[in-house]
Structures are given as structure tokens and as C-alpha cells.
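Data block below; observations after.
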Amino acid sequence: MSSKTFYPSNFDLHLFHEGNLFKAYKLFGAHIQNEKTYFVLWAPNAKKIRVIGDFNNWDGSEFEMNRISAEGVWFLEVPVNLEGSLYKYEIVAQSGRVIHKTDPFAFMTELRPKTAGVVKALNGYEWRDQEWVNNRQPSHIYEEPLAIYEMHLGTWKRKGKDENDLYTYRELAEMLIPHVKEQGFTHIEVMPITEHPFDRSWGYQGTGYFAATRRYGEPKDFMYFIDECHRAGLGVIMDWVPGHFCKDAHGLHNFDGNFSYEYENSWDRENYVWGTANFDLSKTEVHSFLISNALFWMDYYHIDGFRVDAVSNIFYWPNRDGLEANPHGISFLQKLNKAVFSFKPEALMIAEDSSDWPQVTAPVHQGGIGFNYKWNMGWMNDVLEYMETHWNERPEKHHLMTFSLMYAYSENYILPFSHDEVVHGKKSLLDKMPGDYWQKFAQLRLLLMFMIAHPGKKLLFMGTELAPFSEWKDLEEIDWHLMDYDMHRSFNHYFTKLMDYYKAEPALYERDHSPEGFEWIDVHNHKQSVLSFVRKDKDGNTLLIVCNFGEYGYSDYKVGIPEEGLYEEVLNSDSALYGGSNQVNNNLIKTFSDSFHGQPAFVEINVPPFGAVYLRRVDKKGRN
């Protein structure tokens, strides 16, 4: 496009239809230039299109768009600056039916239940996160601690019970950021904030892919939120849903009287589980739309990456017997990841994938899908099944806690205890634990110490730091009142100590994706339900982890260790400071020079009931 006009160039149109216009948001939608407003829309099956809005009393008779490409791009120039105006597209289908649609590229929309787009320029925000941007290096991603606080903005804290009694992006920035920092996290992951009509879809059924939801403010308010996160040293990850979309009448579904964005075949189109429509990933224009959307959030909002929802729904064709690979979905994901990393090499691209598709986190040029992380759903399911089992029956399920190391290095994994595990009757993490009040807390502390010690980055859902008995109530704020109770305060004290130690101990994160960073000590003690293993940093320093999933504690518990020397207990989940029975190891621990567990030395330590112990060698090796 020249500086004199906004009229789309043939080259841009060619790239869009080819599936390679990765900044389509700079062309499509409503844009203001030289005190004029330009509208550009893709609607290949439309017979006629008019722009309607509050600026023409919703009468588009004199605002008819011109079709400028055979493949269905439409254009209109309005000789007025329409900043802040409401608008929609009035589309006449081939059948003659008249449809009113929200602009798929609208940068802002009305607050639900209203659905019109708003002409909005996104330029002009003065970013102050340059230090964060400059310090992000792609080579650092895998060897740094990564602790993600997954959250739903509308139910972290609420002003009141009405659906609109919500804190704004700016208000949340002032309250949320100090809390997340204090709790020890490195990143915030926001559940989808793309515009969506139904609150209880949590954003996963979207209609406005380029519009940050108006529930919490306007676009520059969300920019401020991310800016403040970065200035505080917190990354921001956004849940993103490129597989399927909401079928509400004003959205993408049946957009121009036909199925432009979704598959035409109903068997491929309909997502019966969620009541949504699947994107037709064989269409190149859909590629341009979705890949542009990912780059848009990184470009205009400085988003650090995406947790890509329901990847298995893209890998495989829906509604078919067995698992049948969808070649269009696979090639789209590879193309997406290549484009994202070309634009932002340090981005986090995280696949929420429950399948066993191989090489999800391998580079595309090596035949992989190209993500750099994948949720370890197998680990999560196995571990929660084990923890929900009464301790008397755990010896028979010991394998659930050890199997993950058979594949822990096949992908770059994140260990997730997400919102999906604490909603819809699944119980909170605390309430999943069997036993009485004290036993539940002890086992939750144990579970989190095991999680932190296990190879893989970490994700926890908001509220975990409070140890709620109630599962997530998605219309109410999390249970802040629990901090009035001694046991919950003690748990939170433990939680922050654990997270701080995770970030301070290189053995717990530097070699997450290398088998050289992990070694079993005793994987076979199913009778006592005890596991012991070591984590090692790049300098070879050893951290010994002992986890006891049984009800009995042990004094002078004998554990093999790879290196002789003096050891100290750096963390014990059973400390009285955290609400435990205080079966701790206060003194320095000397190794014995006899072999045990196949190791050249051993230690004898206190191992508490339902407890975990971290031991660190005192005379650590030097670090470069």
C-alpha cells in the first residue's frame, strides 16, 4: 500500500489468498488514515455488502462495499474519521438473505450482550517494557525456571456478584502483579481474553479474535496490564483457540451465508462436544486469518506466547472412528509455529495436547510440529489418580508415579495442574487427597514438592496457593478468606518457600529436558510408597529428593547418594512452620562410604509421613 491510499495492493491480496499474509490485521478490518476510514473484508460468498453503524443510523444504503478480488475481498472508503463509532457488516447472501455480522478483524467490540464492532486505532500506547523485551533470549528458555500462574481474570477477585462487577485490566494490574510475584511465579497465563459472548465459556468459545474482551476495559488498558507485568519481571501467556469457534449469529459461523471459515462438510465442521464449529484448516485464507491473529497479539500487545488449546482436535479429524490424521491441521500448526518464531524467536508456543502425537516440540525442519513446549497430560492424570487413591492401596499403583520418566525427555514438557482439574465436580487439589484434615494438607504439600522436583516446567491454577477445599467456582472469586485460618496461612508460607527455592536451585530447572539431569535412587520401594531420586545442575551439583506417600514416618531412613560429603536439609514439607509434625533434619548430614541403592555412599535421614525432603550438598561445586 502507498502512503497516499489505503487501497489493498494486488501483492497483499495475493499473499492473503495464498495463506501467507501474516499481518493481515494491518489491512483487514476498519482503519483510519488521513482522516478517512477504510473497511476491508473477506466474504467470498456474499452477493452484496454494506457497512452499517451509528454514523449512518444503521442504514448502509450509501455505504456499499466494492468487491476488489475474485476470491472475495471487499473494500469501502468513508471520507470521515470514524474513531469510536459502532459498526457492523450487512451482508446479502447469494440466497438474498440479509445477515448482520461483527467484523472478524475488529480491534474492539461492545460489551456483551451487545455485539457491534468499534472503530478503534491501537497506535499511541507508550510501552515501557524495553528492558524485558531486550533481555528475552530464545537460548535461555529451556534452562530457566518457568512457573506459570494460570488464571481467569473475572474470578481472581470480583467487586461484587453482578456479572459486570469486575475489576478492570488496570485495577487487576495493581492487585494481581504483586501477588503473583510474592507467590514466586515467573509468568501469568490468562485464559482466553478474546471477545466471547458467554461468560461461562471462560473465553474458549470466541467471536472476536482481534478484540480483547470489553469486560475489563479497552485495548490500551490491556496493554497497560501486560506492560506492568513485564516491568515487574513477569511474562504473559495467552490461551488461544485456533481449532474451533463460537456459533453465535454475529460471529464467524456461516459468515456470508455459507461456510467461509469452517468446513463445508457438516461431519468435519461440527464440534459436537463443545457445540462449536471447526475452522477449515485446508483454506489458505483461514491460515492468513489465524496466523495473523497470533502475530497480532505479540505485535500490538507484546504477548510472550500462547498456550494453544485442544491441539489434538487439530491433529485428528473429528467425528470419525479411530484416530485419523488431518493433514491440513498438521501443516497449519507447522506453518503457524514457523511464522511465530520468525517473528518472535523467544516466544513460548505451548501445545495443550492429550494425544501421543510424536515430535510435537521438535523443530519443523526436523519433521516436528514446531512447538517449544507441550503439557504433560499423562503425568498429570497418573499422578492425580495415584494421589486420590487411599495410601493402603498405593503400593499397587506405584507405577503411576514412575512411568513418566520413561518418556519425560521425548518432548519439552510443562507439568500442569490447571483449571480443568479443579472444576465441574473434580474437587480441588486439597480435597482430592484422602484422609483427615491434617492428612489432606500434608499430602498436598508432598504433591507440590514432588511436582517441583520432577523434570519439566510448572503450571498451577490460581488459588492453589491458598489450598482451597472448594473447587473453582467460575462465577465467584477465589477463596481469599482462607488466609484467616492458621492451616491455610501455614500452607501459603510453605508454598512461597517452595516456589522461591525452585527458582533459586538450578538443579530443579537447568536440565529439565536432559536425562543427565535426573537419576533414580530407589524406584522400587512400592511397599513403603517411597520414591528417591536426584536432580543435577549443569555443574553436576546434586539435589537429593525423598518422597514418602505412605502414612508412616521413618527415622534413620537409608538412602543411596551419588556423592560423598556433607548435606543439609533445604526443604521439608513436614516442618512445623508449614503445619507439619516437624519430623525434620536439623543437623548437617554426613554420608557413609558404603554402597547402597547402587550408589557409592548413603545417608540416614528422617522421612516424615506424607512428606518430602530435599537434601543439598553443602560443599557445592563452583559455578562459572
Side-chain angles (χ1 to χ4, degrees), residues 142-145 147 184 402 405 408-409 445-446 448-458 494 496-525 530-548 553-575 577-578 580 582-608 611-624:
Y142 304 108
E143 295 180 356
E144 292 179 344
T402 63
L405 267 299
Y409 304 106
R445 295 192 301 269
L446 164 63
L448 293 181
M449 270 185 79
F450 175 72
M451 176 195 198
I452 293 298
H454 191 285
K457 308 306 183 184
K458 324 299 175 186
Y494 158 80
T496 57
K497 291 294 184 183
L498 175 61
M499 298 303 289
D500 286 345
Y501 188 73
Y502 164 65
K503 292 185 299 181
E505 177 49 73
L508 291 173
Y509 58 78
E510 274 189 345
R511 298 168 104 180
D512 269 327
H513 313 302
S514 169
E516 288 77 21
F518 179 93
E519 182 181 356
W520 283 115
I521 299 298
D522 185 8
V523 70
H524 300 298
N525 189 0
V530 177
L531 289 173
S532 54
F533 54 94
V534 295
R535 297 293 305 275
K536 299 176 184 178
D537 65 21
K538 290 193 295 185
D539 292 326
N541 292 302
T542 298
L543 183 71
L544 174 66
I545 296 98
V546 182
C547 297
N548 176 16
Y554 307 97
S555 59
D556 299 328
Y557 187 86
K558 194 173 178 179
V559 188
I561 201 161
E563 295 180 297
E564 295 187 42
L566 283 176
Y567 286 77
E568 64 178 341
E569 181 179 271
V570 291
L571 205 58
N572 188 318
S573 66
D574 193 52
S575 168
L577 295 172
Y578 312 140
N582 214 40
Q583 297 185 39
V584 297
N585 298 277
N586 287 318
N587 301 318
L588 289 179
I589 301 162
K590 295 181 180 180
T591 56
F592 295 88
S593 300
D594 294 331
S595 63
F596 192 72
H597 286 148
Q599 304 296 329
F602 68 88
V603 292
E604 291 183 341
I605 60 173
N606 291 328
V607 175
V613 175
Y614 290 175
L615 296 182
R616 189 72 158 97
R617 185 173 168 176
V618 175
D619 49 336
K620 296 194 294 184
K621 299 173 184 176
R623 299 184 64 78
N624 295 329

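Fair warning: this is a prediction, and the values are worked out from it, not measured in the lab.
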Under the side-chain hydrogen bond (donor to acceptor under 3.5 Å, both in side chains) test, residues paired with [X] that sit two or more places apart:
{"X": "Asn548", "result": "none"}
{"X": "Ser514", "result": "Glu516"}
{"X": "Glu604", "result": "none"}
{"X": "Lys497", "result": "none"}

**Asked** Does a side-chain N-to-carboxylate-O contact under 4.0 Å join Asp537 and Arg616?
**Response** yes
**Prompt:** Looking at residues at least two apart in the chain, or sitting in another chain, which of them share a ring-ring contact (aromatic ring centres under 6.0 Å, His included) with Tyr509?
**Reply:** none
**Item:** Any residue meeting ring-ring contact (aromatic ring centres under 6.0 Å, His included) with His513, in chain and number order, not counting sequence neighbours
**Value:** Tyr142, Tyr373
**Request:** State which residues pass salt bridge (charged side-chain N to carboxylate O under 4.0 Å, His left out) with Glu143; sequence neighbours excluded, sorted by chain then number.
**Result:** Lys538
**Message:** Using the salt bridge (charged side-chain N to carboxylate O under 4.0 Å, His left out) criterion, which residues pair with Arg535? Sequence neighbours excluded.
**Reply:** Asp512
**Message:** For Ser575, is there any backbone N or O sitting under 3.5 Å from a side-chain donor or acceptor partner on Asn582?
**Reply:** no
**Prompt:** Has the side chain of Arg445 got a donor or acceptor atom that lies under 3.5 Å from a matching backbone atom of Tyr494?
**Reply:** no
[X]: which residues meet the side chain to side chain contact (heavy atoms under 4.5 Å, CB included) condition with it, sequence neighbours left out?
{"X": "Glu519", "answer": "Val534, Lys536, Pro562, Gln599"}
{"X": "Asn585", "answer": "Glu569, Asn572, Ile589, Ile605, Asn606, Val613"}
{"X": "Leu531", "answer": "His398, Met401, Thr402, Phe450, Trp520, Phe549"}
{"X": "Ala147", "answer": "Phe185, Thr186, Met499, Tyr502"}

